[in-house]
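Worksheet for the structure shown next.
Sequential numbering from 1 along the given sequence is applied to the chain's residues. Note that the coordinates shown come from a computational prediction; the quantities given were computed from them, not determined experimentally.
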Amino acid sequence: MATRQIRTDGDDILRKKCRPVGDVSNRIRETLSDMLETMELENGVGIAAPQVGIMRRMFIAKPYEDQPPYYMIDPEILSEEGETIDREGCLSVPGMIGTVKRPKRIIIEATNLDGVREKYTFEDFEARVMCHENDHLNGVLYTDIATDIMTLEEATHLAENETETEEIIKDNE
């Protein structure tokens, strides 16, 4: 395994649509292994192939630390339901965060590491991660669809002020 360099906003490769993978070869598995190592080193919850300079339709997502990663090869979102709004960040847009509207629930079909197509249902944060990574395969960054984009420092300061305001309100009730 080896880590890969993460491409950042401004790199043209992040704006291109990826080609299908097709057959899952040992080279594809090795690339996904490198991507997982890179994602974990950077404390990410997902990483898509174009983020490491590979124009193939595949990504890894590990929304929660205590679960195994999902390997999504040639994914296709089959359905979306509901709506949720939350903040997102991205390894390719370091130091920034924005508010993004995503589906609350999705059904996605993808090929796994064994070359078998499977359907998955995800809700809430897991659905958000899958949609975010799938967007990368189509040349879309979260900043294209986000509102209230700010630095992590600004977001931290805002959250601290919101907490202080909530405490003041509770104290005065």
Aromatic ring centroids of F59 and Y71 under 6.0 Å?
no

Centroid-centroid under 6.0 Å between F125 and Y64 rings:
yes

Which heavy atom of [X] sits nearest to which heavy atom of [Y], and what is that distance?
{"X": "E118", "Y": "N112", "value": "OE2-ND2, 2.5 Å"}
{"X": "N134", "Y": "P75", "value": "OD1-CG, 3.4 Å"}
{"X": "A61", "Y": "V129", "value": "CB-CG1, 3.8 Å"}
{"X": "L36", "Y": "I60", "value": "N-CD1, 3.5 Å"}
{"X": "Y142", "Y": "G89", "value": "CE2-C, 3.9 Å"}

Looking at E126, E88, E83, E133, which hits salt bridge (Lys or Arg N to Asp or Glu O under 4.0 Å) with R102?
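Filter result, single survivor: E88.
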
So does [Y] get a backbone contact from the side chain of [X], meaning a donor-acceptor N/O pair under 3.5 Å?
{"X": "R128", "Y": "V100", "answer": "yes"}
{"X": "R57", "Y": "I73", "answer": "no"}
{"X": "D74", "Y": "G22", "answer": "yes"}
{"X": "D135", "Y": "H132", "answer": "no"}

Does the side chain of [Y] come within less than 4.5 Å of [X]'s, by heavy atoms?
{"X": "V93", "Y": "T8", "answer": "no"}
{"X": "Y120", "Y": "I107", "answer": "no"}
{"X": "I85", "Y": "T99", "answer": "yes"}
{"X": "V21", "Y": "T111", "answer": "no"}
{"X": "T121", "Y": "I106", "answer": "no"}
{"X": "K16", "Y": "M55", "answer": "yes"}
{"X": "L137", "Y": "P50", "answer": "yes"}
{"X": "T143", "Y": "M96", "answer": "no"}

Just to verify, what does R7 make a side-chain contact (heavy atoms from CB on, under 4.5 Å) with, not counting sequence neighbours?
D11, I13, L14

Side chains of R15 and N138, donor plus acceptor under 3.5 Å
no

Between the side chains of Q51 and Q5, does any donor sit under 3.5 Å from an acceptor?
no

Is it the case that over 12 heavy atoms from other parts of the model lie below 6.0 angstrom from the CD atom of Q67?
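Check passes, neighbour count above 12.
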
State plainly whether one hydrophobic cluster holds both L91 and L141, where clusters connect Ile, Leu, Val, Met, Phe, Trp and Tyr through side-chain heavy atoms under 4.5 angstrom apart.
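They do not share one cluster, since no chain of ILVMFWY contacts under 4.5 Å joins L91 to L141.
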
Under 4.5 Å between side-chain heavy atoms, hopping through other hydrophobics if needed: is there a path connecting I77 to M130?
yes

Let me confirm one number: the [atom1]-[atom2] distance from [X] to [Y], rounded to the nearest 0.5 Å.
{"X": "I145", "Y": "T147", "atom1": "CD1", "atom2": "OG1", "answer": "10.0 Å"}
{"X": "T3", "Y": "M39", "atom1": "OG1", "atom2": "CE", "answer": "13.5 Å"}
{"X": "L152", "Y": "R87", "atom1": "CG", "atom2": "CZ", "answer": "10.0 Å"}
{"X": "H136", "Y": "S92", "atom1": "NE2", "atom2": "OG", "answer": "5.0 Å"}
{"X": "I108", "Y": "C131", "atom1": "CD1", "atom2": "SG", "answer": "7.0 Å"}
{"X": "I54", "Y": "R56", "atom1": "CD1", "atom2": "CZ", "answer": "9.5 Å"}

Using 4.0 Å as the upper bound for N to carboxylate O, is an ion pair formed by [Y] and [X]?
{"X": "E40", "Y": "K62", "answer": "yes"}
{"X": "D34", "Y": "R4", "answer": "yes"}
{"X": "K104", "Y": "D124", "answer": "yes"}
{"X": "R105", "Y": "E123", "answer": "yes"}

